[in-house]
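Single-structure report; data block below.
In what follows, every heavy atom counts, from backbone to side chain, and hydrogens, waters and symmetry copies are set aside. Along the sequence shown, residues are numbered consecutively beginning with 1.
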Amino acid sequence: MFGNGVKGKCQLLPAPGVFLRHTDKKCGLNIRPDKYMKRVSLCTLTPIPKSNSLPHRVHPLSLMKTIILLTLLTTSLLTFISRGAEPAAAPGDVRRGVTLYVSKLGDDSGGRSWKTAFHTIQKALDAVPDDQGGHQVILRPDTYVEANLAPAYKGAAAAYNTLVGDFDGSLGSGATGWSVIDSGDPNQGFKSWDWWGPIRASDEHWPHGNNQETFSSIVWDRWILRHLYTAGGDGGFFWDLTNKSGQPFTIVVEDCVGTGRAFGGGVVYPTVRENEPSVFRRCYFLALDWVGDTAAVLVGGWEKAMPEHPHVLFEDCTLVHPDNAVAISYASHCARARFVDCRMIVLNFTQPEMGGKSTGIICTQGHAPAGRLHVDLEDCVLAGYSVFTPGEAPKTVTYTTKGKTKAYVQFKQDVPPGFERLGLWPTDLFSRIAPPRIPFPSPANSARPTLTKLPFAIPKAMENTPVVFHGQPLHVLNHRDDTKNNTDGYTKSMYLYVRDLNTGDEVSRFGEGHSFANAFVNGPQLHVFASEGSDHDWFQGLYHFSTSNLKTWKREPAMAREGDEHLFNASVCRCEKGFLMAYESNKPVQFCFKFARSTDLSQWEKMPGLVFTGVNYEYSACPVIRHFAPYYYVIYLHSPLHGHKGYVSFLARSKDLATWELSPFNPILEAGSGEGINNSDVDLFEWDGKTYITYATGDQATWGAVRVALYDGPMKEFFVSHFPAGMPTMKTSARNN
């Protein structure tokens with residue numbers, strides 16, 4: 001049996017960053033991509049204070065910055081202002097505080113630069129020096145397993161503090177994507193425990209859960225959060241004032257994903273700041289439980305009479321829940337919330353005749369005697385069993401509608417006045433039901449390059465390289481029986497061999513005890529690089545085989561491993577400086593790849609400080625590298641992605657091997673019908689002006705086969721076509737700092 005380039009290494013654990021999404025398509029984010037991409041470029045700017053009166057929105061001390069911001073602001077915000085909606089509660093750039101950095105690649109020494117970055121978010125929050133505001137905490141995109149976060153100080157009225165993920169790489173982290181805060185148990189999974197989540201709050205009087213002490217989320221007052229993704233806990237972006245209820249409180253959350261057992265987001269028990277409501281803008285909220293006062297967002301106020309202004313504003317948000325998109329907390333007094341251009345998706349369309357029950361899209365079930373809810377809805381669309389809670393509970397709700405507010409409900413349920421009833425399934429609405437991926441939209445004139453998978457396979461094969469040697473197309477492969485892994489017969493099952501692609505005949509066999517073959521032709525010689533196997537200690541260093549006649553082979557060391565490192569696939573290309581090798585390692589990430597240079601293909605010098613670990617310090621295996629000035633191009637294997645089948649191949653390019661950008665069409669290959677669960681171990685060659693891409697398929701355990709895809713054009717064109725001019729790309733750094 002022929003081993004697989006993935007399974008033959010080990011059983012793999014999920015890599016950090018699995019929440020990151022690929023960028024090959026426009027995707028169902030809860031905002032329009034053109035608005036979103038303009039917005040992320042503003043993440044380092046401090047917003048301008050605004051009043052509730054349109055003619056006086058610009059702070060007199062910040063007129064020039066206001067003009068600049070208004071020039072850059074998105075269509076969404078312009079529409080928002082023109083409607084006279086509540087302003088963002090963010091102040092002007094009156095004071096600039098310290099900037100603190102969080103990255104697992106930092107040395108955790110001071111947090112004042114990416115080099116000295118703290119390893120945890122909480123450590124950075126603890127380092128906020130004072131309550132004067134204007135401080136900023138910047139996260140490198142990654143997964144942070146943390147819960148119950150609380151800053152040392154609040155922000156200030158004239159200078160909000162900011163916690164922001166470097167989503168688009170503009171803040172210098174060298175990475176792009178979500179900064180994920182996972183409050184679950186790293187070994188046991190989802191921690192659906194009362195009061196346990198990313199935002200610290202607790203009550204010692206609570207009968208169970210996180211009840212060791214009483215702690216109020218009011219410590220987050222006047223903070224802005226951007227480009228964050230929460231998961232694994234009781235609440236997402238949810239603030240409970242507990243024993244500080246009845247005090248003013250403002251939080252601003254933009255371009256975030258909030259998920260939790262009970263709540264995806266919300267704020268409970270503040271009193272209103274007239275021109276500083278809490279604001280949730282361009283966010284996605286998902287809650288997973290329907291027991292108790294759970295909802296996609298939970299709201300609650302402390303006034304005994306309904307205030308004239310909202311406690312909280314939701315703009316351009318998606319709310320998803322089994323039964324309630326919005327709910328009033330059980331202990332709330334009067335709560336007021338405004339929703340502009342929001343989508344509310346409830347999954348319960350029950351059948352009451354069979355005993356089914358629903359508490360409605362907007363829920364007031366179980367409200368306190370003094371509990372009242374007022375919602376202002378503008379250009380929203382709702383879906384679920386009923387708009388409000390059936391029965392007597394709607395008596396506690398008042399509402400207004402503006403623009404087109406639509407409702408898709410169970411056919412026997414009434415639609416209240418002011419709502420437009422939808423009779424047909426709202427496909428656009430339900431396409432938003434999943435949490436968003438990273439939105440890098442394609443320009444309308446940028447088509448995905450066409451790869452045609454040819455209808456044949458080379459059985460019992462995996463790692464391979466097609467080459468043209470002495471004018472003949474050849475295929476260099478390896479044989480390995482992974483069923484013998486960790487036995488005395490494993491290395492005996494390994495060898496390298498060459499087939500004639502014209503006849504299919506085996507024309508050479510060599511390199512017993514080696515695997516992960518990669519070939520390179522340099523003039524009259526064929527060079528093959530392969531990893532030395534072992535029976536009980538996995539794979540060792542890389543060796544170099546060379547021949548001029550396919551009969552006699554010279555073997556010499558090429559790349560030694562360091563410490564307990566293990567080396568696997570390698571790939572070589574020619575460039576202006578000689579020859580470049582990308583070689584796969586299991587350190588520091590299982591798997592990643594590093595680089596080395598040579599002038600003669602025999603003596604190799606490693607390039608220290610360069611380690612490619614993907615966008616999010618993640619599984620990046622099986623590299624194949626090519627050079628077409630000014631770029632190096634690499635195709636590598638990415639671990640399974642949500643919405644795609646198994647292990648997939650990504651493409652990236654770099655001018656200096658340090659800063660890399662990923663093709664917006666990633667993944668460029670994924671398993672199709674009959675291909676198992678991987679398209680891996682890619683290699684390619686050019687023949688008669690066409691590019692042939694060989695890739696491995698299989699089930700990661702019992703079988704593997706090599707297939708071929710065709711690009712109808714030369715190889716340089718193949719690579720260039722995957723990076724259309726003007727199309728945004730994700731960027732990452734290979735600097736190991």
Side-chain angles (χ1 to χ4, degrees), residues 2 4-5 22 24-25 442 446-469 471-477 498-505 517-521 569 571-573 622-628 631-638 644-653 662-698 703-724 727:
F2 288 77
N4 176 306
H22 55 90
D24 61 324
K25 300 176 181 177
S442 303
S446 298
R448 169 182 288 275
T450 300
L451 295 181
T452 303
K453 292 185 174 181
L454 303 182
F456 69 87
I458 302 169
K460 298 183 179 179
M462 191 56 58
E463 295 84 16
N464 70 96
T465 307
V467 295
V468 180
F469 181 57
Q472 292 296 112
L474 302 177
H475 205 185
V476 181
L477 306 104
V498 183
R499 288 190 182 276
D500 187 321
L501 277 174
N502 283 324
T503 66
D505 294 336
N518 177 265
F520 179 79
V521 174
N569 291 277
S571 180
V572 172
C573 71
C622 313
V624 58
I625 195 158
R626 296 290 187 269
H627 179 65
F628 293 99
Y631 288 104
Y632 296 94
Y633 295 90
V634 67
I635 302 173
Y636 66 98
L637 187 65
H638 194 287
H644 291 264
K645 186 177 179 182
Y647 291 83
V648 293
S649 289
F650 270 37
L651 171 61
R653 71 178 183 182
L662 274 63
S663 169
F665 297 121
N666 283 332
I668 63 167
L669 280 173
E670 64 178 300
S673 177
E675 292 188 328
I677 61 170
N678 62 281
N679 275 189
S680 66
D681 301 276
V682 170
D683 218 311
L684 65 171
F685 81 135
E686 186 177 321
W687 182 259
D688 284 343
K690 301 180 187 297
T691 304
Y692 294 86
I693 299 99
T694 61
Y695 61 96
T697 63
W703 70 275
V706 167
R707 292 197 62 188
V708 180
L710 171 67
Y711 176 77
D712 192 8
M715 190 183 302
K716 181 178 180 180
E717 180 184 297
F718 163 79
F719 284 117
V720 172
S721 68
H722 281 82
F723 294 89
M727 184 179 291

Quiz item: Side chains of Phe719 and Leu684: closer than 4.5 Å at any heavy-atom pair?
Solution: yes
Quiz item: Does any donor atom in the side chain of Thr694 or Asp683 lie under 3.5 Å from an acceptor atom in the other side chain?
Solution: no
Self-check item: Intermediate values then yes/no, side-chain contact (heavy atoms from CB on, under 4.5 Å), Phe650 and Leu669
Solution: CA-CA 7 Å; Phe650 270 37; Leu669 280 173; over 6 Å; no
Quiz item: How many angstroms lie between CG in Asn464 and OH in Tyr695, if you round to the nearest 0.5 Å?
Solution: 11.5 Å
Quiz item: With Phe685, which of Val467, Val521, Leu501, Thr465 fulfils side chain to side chain contact (heavy atoms under 4.5 Å, CB included)?
Solution: Leu501
Quiz prompt | Donor-acceptor under 3.5 Å (Glu670 side chain, Val648 main chain) | solution = no
Which atom pairs, one a donor and one an acceptor, fall under 3.5 Å between side chains of residues 704-712 and the rest of the protein, sequence neighbours left out?
residue	atom	partner	partner atom	Å
Arg707	NE	Phe456	O	3.4
Arg707	NH1	Glu675	OE2	3.0
Arg707	NH2	Leu454	O	2.6
Tyr711	OH	Glu717	OE2	2.8
Asp712	OD1	Lys690	NZ	2.5

Exercise. Identify the heavy atoms of Tyr636 and Ala652 that sit nearest to each other, and give their distance.
Key: CE2-CB, 4.3 Å
Self-check item: Smallest separation among heavy atoms of Ala671 and Gly676, with atom names
Solution: CB-O, 3.5 Å
Self-check item: Spatial distance of atom OG (Ser663) from atom OH (Tyr633) [nearest 0.5 Å]
Solution: 10.0 Å
Quiz item: What is the minimum heavy-atom distance between Val572 and Asn518, and which atoms define it?
Solution: N-OD1, 3.6 Å
Quiz item: What pair of heavy atoms forms the shortest contact from Lys453 to Gly672, and how long is it?
Solution: NZ-N, 3.9 Å
Exercise. Could you walk me through whether Asp500 and Gln472 pass the side-chain contact (heavy atoms from CB on, under 4.5 Å) test, one step at a time?
Key: CA-CA 8 Å; Asp500 187 321; Gln472 292 296 112; 4.2 Å; yes
Exercise. Apply side chain to side chain donor-acceptor pair (under 3.5 Å) to Ser649 and list each qualifying residue two or more places apart in sequence or on a separate chain.
Key: none
Exercise. Please say whether the positively charged group of Arg653, taken as NZ for Lys or CZ for Arg, lies over the ring of Phe723, i.e. under 6.0 angstrom from the six-membered ring centre and within 45 degrees of the axis.
Key: yes
Quiz item: How many angstroms lie between atom CD1 of Ile635 and atom CD1 of Ile625, to the nearest 0.5 angstrom?
Solution: 11.0 Å
Practice problem: Compute the centroid of each ring, for His627 and then for Tyr631, and state whether the two points are separated by less than 6.0 Å. | Solution: no
Quiz prompt | Residue pair Leu637 / Asn679: nearest heavy atoms and the distance that separates them | solution = CD1-O, 3.6 Å
Exercise. Mind checking the CG-CE spacing from Leu477 to Met462? Nearest 0.5 Å is all I need.
Key: 10.5 Å
Practice problem: Answer whether the closest heavy-atom distance between the side chains of Trp687 and Pro473 falls below 4.5 Å. | Solution: yes
Practice problem: Could you check whether the rings of Phe665 and His722 sit parallel, tilted or perpendicular, using 30° and 60° as the cut-offs? | Solution: perpendicular
Quiz item: Less than 4.5 Å apart, any side-chain heavy atom of His475 and any of Ile458?
Solution: yes
Quiz prompt | Minimum-distance pair of heavy atoms, taken over all atoms of Trp703 and Thr697 | solution = CZ3-OG1, 3.7 Å
Quiz item: If you measure from CZ on Arg626 to OG1 on Thr691, what distance do you get to the nearest 0.5 Å?
Solution: 10.5 Å
Quiz item: Can you tell me how far the CD atom of Glu463 sits from the SG atom of Cys622, to the nearest 0.5 Å?
Solution: 7.0 Å
Quiz item: Would you call Leu651 and Leu662 a side-chain contact if the rule is heavy atoms closer than 4.5 Å?
Solution: no
Exercise. Could you check Met715 against Phe628 for side-chain contact (heavy atoms from CB on, under 4.5 Å), going step by step and ending with a plain yes or no?
Key: CA-CA 9 Å; Met715 190 183 302; Phe628 293 99; 4.0 Å; yes
